Protein chains: 2
Amino acid sequence: MGKKKRSYDQYCTVARALDVVGERWTLLVVRELSTGPKRFKDLLGGLPGIGTNLLTARLKALEQEGIVRRATLPPPAGSNVYELTELGWSLEPVIVALSRWGSKLLGAPREEDDLRPGWAAVAMRSAVESGAEGGSPGVYEYRIDGEVFHLRVGDGKVETRQGAAPDPDLVVMGEPGTFLAVTSGRLSPKEAVESGALRVEGGTEESRDALLARYLTVIGPAVG
Amino acid sequence: MGKKKRSYDQYCTVARALDVVGERWTLLVVRELSTGPKRFKDLLGGLPGIGTNLLTARLKALEQEGIVRRATLPPPAGSNVYELTELGWSLEPVIVALSRWGSKLLGAPREEDDLRPGWAAVAMRSAVESGAEGGSPGVYEYRIDGEVFHLRVGDGKVETRQGAAPDPDLVVMGEPGTFLAVTSGRLSPKEAVESGALRVEGGTEESRDALLARYLTVIGPAVG
DNA sequence: CGGAATCCTCTTCGATACTG
DNA sequence: CAGTATCGAAGAGGATTCCG
């Protein structure tokens with residue numbers, strides 16, 4: 001019994017995209033994988049509220065569409081993980097556009113809201129000025145509530161990945177909520193640093209201010 | 001009886017965006033309005049398969065979120081229409097990103113697919129090179145299967161609207177399928193014009209080639 | 001014309017329990 | 001750890017009806 005997938009049946013680029021990634025949870029799975037490969041369990045942790053059956057179903061569908069692929073991490077890890085294919089990575093602009101738009105709506109956290117460091121990392125990636133994609137190259141490490149990410153800007157590309165950077169220009173530390181307050185425009189990066197809500201390390205003592213200045217030209221509120 | 005809206009309950013910019021526009025049909029309603037205000041009946045026509053009850057529900061939700069507003073067209077039309085608010089228009093990058101990604105997936109039309117001129121117009125808008133948003137200003141009129149749209153590029157903005165342009169630089173005519181073949185990269189604009197699948201008018205006989213050349217620098221396949 | 005409301009069926013979702 | 005299985009609840013789809 002081939003369960004025919006539900007489709008809008010419209011010969012339209014937008015509808016076709018939504019046929020594939022428009023179902024509930026699907027783009028959030030892509031969001032989780034947009035910082036790097038993850039195990040089933042990690043995905044569950046980053047998607048509170050999804051059922052195991054639904055996550056399985058979404059991953060299976062995404063694999064079938066060529067957006068996600070299963071892989072085994074090189075030793076010594078050796079874990080089975082899910083990762084984005086090239087087609088999957090090409091959804092980045094969609095995630096970024098949604099994140100930038102969502103920044104406008106993001107007020108203060110609500111009582112019932114969950115919050116994960118990875119979500120802050122995704123928001124910070126979308127806060128990189130699109131004009132900066134050509135210039136202002138650099139590698140910035142984020143330590144958010146114990147989890148580590150890095151943002152790499154250069155060669156016309158911007159990427160955020162889980163894990164430490166080999167040799168970051170700058171390290172920025174803080175709570176997830178602080179990073180999100182910055183991307184949503186409720187807190188300026190400058191203020192955040194001055195108040196100590198964000199701590200900055202890296203470079204020599206003399207170069208730190210210059211590095212920070214450069215970093216501040218790269219990021220900005222995602223709103224706008 | 002406040003039916004509490006379903007939410008991901010994540011303090012995340014992407015999840016917040018999807019809380020608001022992630023439901024089935026919602027972004028397609030926005031797509032329809034992205035070429036200008038429309039009456040309920042026109043929306044139904046542009047969204048084959050949606051029920052009147054569901055369209056009503058989506059419009060009501062969008063209105064409540066401040067994305068859509070009801071308006072009355074100035075005389076002599078006087079129709080009651082739905083139009084995007086400023087917040088609604090700011091969803092353009094999301095529609096464009098989805099359209100560009102969907103262009104990769106769009107093969108030949110399937111048996112069961114519907115096809116509307118407006119969908120081709122949306123795809124053509126997303127095919128405008130992002131680099132062109134600063135330069136190459138111009139107004140291009142599309143006549144697609146009897147319906148008229150125009151694309152305006154300039155001042156760092158790109159917009160497609162229903163209706164004729166007052167004084168277009170160029171008029172391009174053709175079937176919806178042809179426009180979509182161009183945006184999906186299966187047919188080069190140059191070939192389309194040379195084969196007569198797209199007809200071009202406007203300018204003087206001497207300036208037409210220059211205009212067309214300029215137009216071709218503005219658009220390109222949305223894929224990529 | 002421009003919706004809103006109702007009814008019924010089907011699919012999808014969400015939560016939990018269970019298994020290799 | 002990585003999923004399957006199951007089942008009640010919610011949402012979607014389609015038709016039809018009602019209302020101003």
Side-chain angles (χ1 to χ4, degrees), chain A residues 1-10 15 18-29 32-33 37-65 68-73 76-83 112 114, chain B residues 1-10 15 18-29 32-33 37-64 68-73 75-83 112 114:
Chain A
M1 307 303 299
K3 43 185 72 172
K4 49 196 155 215
K5 201 177 184 317
R6 183 186 274 180
S7 164
Y8 289 111
D9 289 337
Q10 299 182 355
L18 291 173
D19 274 343
V20 176
V21 296
E23 278 178 312
R24 190 165 165 79
W25 293 107
T26 300
L27 279 172
L28 294 187
V29 172
E32 288 301 304
L33 296 177
K38 291 208 168 30
R39 292 172 304 172
F40 189 88
K41 182 194 165 178
D42 301 327
L43 288 171
L44 271 181
L47 298 164
I50 200 174
T52 59
N53 55 350
L54 204 43
L55 178 54
T56 300
R58 292 291 180 268
L59 286 170
K60 200 167 291 182
L62 284 169
E63 201 180 339
Q64 209 154 350
E65 303 282 0
V68 160
R69 131 182 17 116
R70 310 177 67 136
T72 305
L73 250 40
S79 347
N80 290 316
V81 294
Y82 294 88
E83 64 180 16
E112 63 271 29
D114 267 294
Chain B
M1 308 303 301
K3 44 185 73 174
K4 49 194 157 217
K5 202 176 183 319
R6 183 187 274 181
S7 165
Y8 289 110
D9 289 337
Q10 300 182 355
L18 291 173
D19 273 344
V20 177
V21 296
E23 278 178 313
R24 191 165 163 80
W25 292 109
T26 301
L27 279 173
L28 295 186
V29 172
E32 288 301 305
L33 295 177
K38 292 211 166 30
R39 292 172 302 172
F40 189 87
K41 183 192 165 180
D42 301 328
L43 288 171
L44 273 181
L47 299 165
I50 200 174
T52 62
N53 52 354
L54 204 43
L55 179 54
T56 300
R58 291 292 179 267
L59 286 170
K60 198 168 291 180
L62 284 169
E63 200 179 341
Q64 209 153 350
V68 160
R69 126 177 27 109
R70 310 177 67 137
T72 306
L73 251 40
S79 347
N80 290 315
V81 293
Y82 294 88
E83 63 180 17
E112 62 272 30
D114 266 294

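Letters go in sequence order (proteins before strands), and every chain restarts at 1. Here the structure is a predicted model, which means the values were calculated and not measured.
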Just to verify, what does B:Ala57 make a side-chain contact (heavy atoms from CB on, under 4.5 Å) with, not counting sequence neighbours?
none
Any side-chain N or O of B:Arg24 less than 4.0 Å from the OP1 or OP2 oxygen of D:dG13?
yes
For DNA chain C, determine which residues of residues 53-61 of chain A have any heavy atom closer than 4.0 angstrom to one of its atoms, and list them numerically.
A:Asn53, A:Leu54, A:Arg58
Send over the distance from A:Leu44 CG to D:dC1 P, rounded to a whole Å.
11 Å
Indicate yes or no for a side-chain donor-acceptor contact from A:Arg58 to the backbone of A:Arg24 under 3.5 Å, with no hydrogens or angles considered.
yes
All ring-ring contact (aromatic ring centres under 6.0 Å, His included) counterparts of B:Tyr82, not counting sequence neighbours:
none
Among C:dG3, C:dG14, D:dA12, the one nearest A:Arg6 by side-chain distance:
D:dA12
Phosphate oxygens OP1/OP2 of C:dG3: is one of them under 4.0 Å from a side-chain N or O of B:Arg39?
no
side-chain contact (heavy atoms from CB on, under 4.5 Å) filter on B:Glu32, not counting sequence neighbours, yields B:Lys38, B:Leu43, B:Leu47, B:Trp119
Could you give the CD1-to-C1' distance, from B:Ile50 to D:dA15, as a whole number of Å?
16 Å
Using whole Å, what does the distance between atom P of nucleotide D:dG20 and atom CG of B:Asn80 come to?
17 Å
If I take atom CG in residue A:Leu47 and atom C1' in nucleotide C:dG14, what distance separates them, rounded to the nearest angstrom?
14 Å
Separation of C:dG2 atom P from B:Tyr82 atom OH, nearest Å, is 10 Å
Just by modelled atom types, is the A:Trp25 backbone N or O under 3.5 Å from a matching donor or acceptor in the B:Tyr8 side chain?
yes
Taking only N and O in the side chain of A:Lys41, is any of them less than 4.0 Å away from OP1 or OP2 of D:dA2?
no
For A:Lys5 and D:dG13, give me the distance from atom NZ to atom P, rounded to whole Å.
13 Å
Does a side-chain N or O of A:Trp25 approach OP1 or OP2 of C:dG14 to a distance below 4.0 Å, or not?
yes
For residues 42-52 of chain A, which residue pairs qualify under side-chain hydrogen bond (donor to acceptor under 3.5 Å, both in side chains), counting only residues two or more places apart or in two chains?
A:Arg39-A:Asp42
Provide, to the nearest angstrom, the distance between the CD atom belonging to B:Glu23 and the P atom belonging to C:dT12.
16 Å
With A:Glu83 via side-chain contact (heavy atoms from CB on, under 4.5 Å) - residues at least two apart
A:Pro37, A:Arg69, A:Ala71
For B:Leu43 and C:dC1, what is the distance between atoms CG and P respectively, to the nearest whole Å?
15 Å
